[in-house]
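Residue numbers begin at 1 in each chain, while the letters A, B, ... track the order of the sequences.
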There are 2 protein chains.
Amino acid sequence: MTKDENSAKRPTLKDVALAAGVSVATASYALNDVGSVGGDTRRHVLEVAARLGYRPNLSAKAMRTGKTSAIGLILPDLTNPFFPALAQNVVHAARESAYSVFVTDTQGSPEAERAAAQALIQRGVDGLIWFPINDEDTLAHLTGGLPVLVLDRDNPRHDLIQIDVDSGGRMAAERLIRAGHRRIGVISGPTDVRSSRQRSESSAEVLRRHDALAWHLHNAYSFDLEPTVAAAVADGSVTALCVGADLIALGAINTLRQRGLRVPEDVSIIGFDNIPYGALAFPGLSTINIPVEEMGIEAVNTLLRRIAKPTESRRRLVFDVTYVERGTVAPPPTP
Amino acid sequence: MTKDENSAKRPTLKDVALAAGVSVATASYALNDVGSVGGDTRRHVLEVAARLGYRPNLSAKAMRTGKTSAIGLILPDLTNPFFPALAQNVVHAARESAYSVFVTDTQGSPEAERAAAQALIQRGVDGLIWFPINDEDTLAHLTGGLPVLVLDRDNPRHDLIQIDVDSGGRMAAERLIRAGHRRIGVISGPTDVRSSRQRSESSAEVLRRHDALAWHLHNAYSFDLEPTVAAAVADGSVTALCVGADLIALGAINTLRQRGLRVPEDVSIIGFDNIPYGALAFPGLSTINIPVEEMGIEAVNTLLRRIAKPTESRRRLVFDVTYVERGTVAPPPTP
DNA sequence: CTGCTTTAATTAAACGTTTCATTTATAAGG
DNA sequence: CCTTATAAATGAAACGTTTAATTAAAGCAG
């Protein structure tokens with residue numbers, strides 16, 4: 001029971017320098033591969049550092065350099081099946097560049113979002129990847145000059161990564177037209193965000209052009225359909241549905257089945273998002289795929305570039321979507 | 001274009017002290033509500049700090065105190081539907097105590113897991129919430145004396161939060177027996193982890209006692225059934241399935257349907273985990289619920305307590321599970 | 001009024017880095 | 001052999017906090 005039982009304090013740079021017989025400055029230069037350090041000395045320091053298991057104290061480094069090698073990821077809701085894959089890829093891409101990620105889930109609350117941003121800034125993150133609740137530029141004055149990458153929303157001052165939702169909405173509508181449907185309902189998700197609204201409007205526009213738009217309703221982002229929507233879905237007024245979000249689409253399928261209608265024999269459905277659930281349904285949900293994985297990776301890359309070059313001109317990346325055919329589209333029933 | 005365009009550097013404690021006309025020490029004491037500071041002075045400092053929008057630099061604080069107010073969360077796979085709810089609640093509970101969370105997803109790779117732990121430790125997190133890949137005590141020597149809370153796995157030295165899987169496995173089996181089934185198959189998930197293995201063994205044991213165990217196979221944690229499992233499921237040898245993981249259960253339902261069998265009319269199924277997908281299936285998957293939300297919250301609480309009192313005796317929390325009846329259990333078909 | 005205790009405030013060291021400015025040693029040039 | 005340039009290494013300051021040690025002021029008993 002000696003005093004230092006197993007308290008083996010992590011070795012500090014001073015310890016390394018001491019053990020290597022050089023000054024702290026030299027040790028630092030050697031380890032960071034800067035300054036002018038003799039080849040032998042450098043090797044020796046590295047060797048000693050390795051032997052002692054030296055790992056720099058990142059807090060100290062952060063204080064000195066003003067960089068934390070950490071970024072923040074602000075998401076509305078981790079349990080929204082759209083986000084885990086995004087978060088996963090952000091975390092991985094970040095790690096490849098030796099960055100760590102503070103993940104924050106704001107539960108769809110703008111106040112929580114503000115608080116989260118504040119907390120992260122206070123922590124001194126080098127940048128933020130931010131999937132905001134809405135399009136409002138509320139964080140602008142909070143973030144100050146901090147590098148921010150905004151996902152899927154509009155924002156006048158930050159780097160943007162977006163999705164070509166128009167094309168997605170059109171693809172879905174066209175697919176249903178091509179299958180022969182002429183009475184098609186559109187359900188859009190939350191309507192207070194441009195990107196979300198636009199999906200369904202693009203669909204609706206195509207359908208209108210073919211004179212095939214039966215109605216256009218909207219529903220909260222939820223598996224549960226609001227009564228009026230549920231009624232419209234199952235009252236026989238349509239033979240197909242163009243839905244702005246997979247989760248709602250799955251809810252629609254559920255409603256249809258509960259009322260004795262079959263998918264896709266009686267009603268065809270196309271969703272949007274390609275959340276993992278969709279592939280697991282029976283039959284699998286046909287949908288518009290959003291390349292979340294790539295988006296996550298590119299978000300990190302873009303943010304890190306911005307961190308490195310704060311003055312570079314604003315970037316705006318638009319990702320293509322693709323139609324994923326599974327099992328929920330069929331020709332309309334023959335009456 | 002003055003020099004300090006909009007570079008409005010964040011005010012430091014020195015700035016506050018200066019503006020308030022006190023020493024840095026006094027400002028610090030006042031803000032942290034310690035030491036002996038006169039009531040007037042304290043109020044004044046607080047007022048000035050608020051006016052300047054002062055937020056302490058956490059890196060500096062961390063270096064001085066050795067505490068970062070950050071914890072790490074190490075998960076095997078965020079896209080595994082079991083985890084997002086857990087992560088969400090960890091993040092929230094942590095925020096309530098002014099802690100931030102580094103989230104790491106190790107993609108089921110032990111090397112990645114080690115690397116992640118190293119990185120987090122280097123960052124100086126105050127503790128780790130760790131859902132390990134397996135039961136091996138591999139991180140023990142890495143973590144040193146760092147407070148660690150282990151989720152759902154066995155570990156001899158750390159605080160533990162576990163699930164009463166035995167009771168869950170039994171509940172599932174008993175429910176099927178009670179429904180009248182006598183030819184029941186058991187599918188277990190990954191078998192290299194005690195907690196996972198035990199679920200199905202408890203089920204199997206009950207079934208054996210009732211002479212109702214048709215077979216006991218296992219399958220990777222995946223929606224796709226391995227050929228032998230798929231064959232067994234659909235060859236008519238059983239009227240019910242007791243599955244150690246919802247994801248596999250959903251895969252089984254899919255397989256059954258593809259082969260023309262109905263759930264639950266022809267085959268009843270009970271899963272385990274209560275992942276969100278299950279509720280969205282049609283009919284909803286009957287399953288054993290694990291209180292992930294509470295687990296997440298309690299994980300944070302337990303970890304923070306351990307951080308505060310490192311010498312307290314080891315804690316081990318076992319959470320009860322509950323059976324959730326949805327739509328996949330029915331009496332066996334009458335031949 | 002003196003000496004002692006309490007309260008309020010301050011000074012300065014320390015945490016572990018990075019990095020500027022400086023010193024020392026070595027080599028090159030005349 | 002002296003000067004000067006270059007290379008290698010070092011000393012010390014700084015980053016923004018906390019906190020132990022110290023001082024100054026005030027209150028109060030005797």
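An angle of 60°, rounded to 10°, separates the two end axes of the helix from C/dC1-D/dG30 to C/dG30-D/dC1, each defined over five pairs.
Applying the salt bridge (Lys or Arg N to Asp or Glu O under 4.0 Å) criterion to B/Arg153, with sequence neighbours excluded, gives no partner residue. Legend: residues meeting ring pair (Phe, Tyr, Trp, His ring centres under 6.0 Å) with B/Tyr29, ordered by chain and number and at least two apart, are absent.
When the shell of 6.0 Å around CD of A/Gln118 is examined, it contains more than 12 heavy atoms from other residues, nucleotides or ligands. Open room surrounds CD on A/Glu96; 12 or fewer heavy atoms of other groups in view lie less than 6.0 Å from it.
Using a 4.5 Å heavy-atom threshold, the side chains of A/Leu31 and A/Tyr54 count as touching.
If you run side-chain contact (heavy atoms from CB on, under 4.5 Å) between B/Thr104 and each of B/Leu78, B/Leu128, B/Leu73, B/Leu120, only B/Leu120 comes through.
Spacing between atom CG of A/Asp40 and atom C1' of C/dA25 amounts to 16 Å, rounded to whole angstrom units.
Nearest heavy-atom pair across A/Val318 and A/Ile163 is CG1-C, 4.1 Å.
No donor-acceptor contact under 3.5 angstrom links the side chains of A/Gln88 and A/Glu293, judged on distance only.
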Are A/Leu303 and A/Asp159 close enough, and set up right, to give a side-chain contact (heavy atoms from CB on, under 4.5 Å), and what steps lead you there?
CA-CA 8 Å; A/Leu303 179 63; A/Asp159 291 327; over 6 Å; no
*Go through A/Asn89 and A/Val292 one step at a time and tell me if the side-chain contact (heavy atoms from CB on, under 4.5 Å) criterion holds.*
CA-CA 8 Å; A/Asn89 282 278; A/Val292 263; over 6 Å; no
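For the segment residues 22-32 of chain A, residues with any heavy atom less than 4.0 angstrom from an atom of DNA chain C are, sorted by number, A/Val24, A/Ala25, A/Ser28, A/Tyr29, A/Asn32. Against DNA chain D, the stretch residues 59-66 of chain A makes heavy-atom approaches under 4.0 Å through A/Met63, A/Arg64.
Heavy-atom nearest nucleotides on DNA chain C were determined for B/Thr41 and for A/Arg55, and the one closer to the 5' end corresponds to B/Thr41.
Ring pair B/Phe82/B/Phe131 is perpendicular by interplanar angle, where above 60° counts as perpendicular and below 30° as parallel.
B/Asp15 and B/Arg10 are not joined by a salt bridge, as no carboxylate oxygen comes within less than 4.0 angstrom of a charged side-chain nitrogen. Salt-bridge check for A/Arg194 with A/Asp154: passed, with a basic side-chain N closer than 4.0 Å to an acidic carboxylate O.
When DNA chain D is scanned 5' to 3' for any atom under 4.0 Å from a heavy atom of chain B, the first and last hits are D/dG16 to D/dA20.
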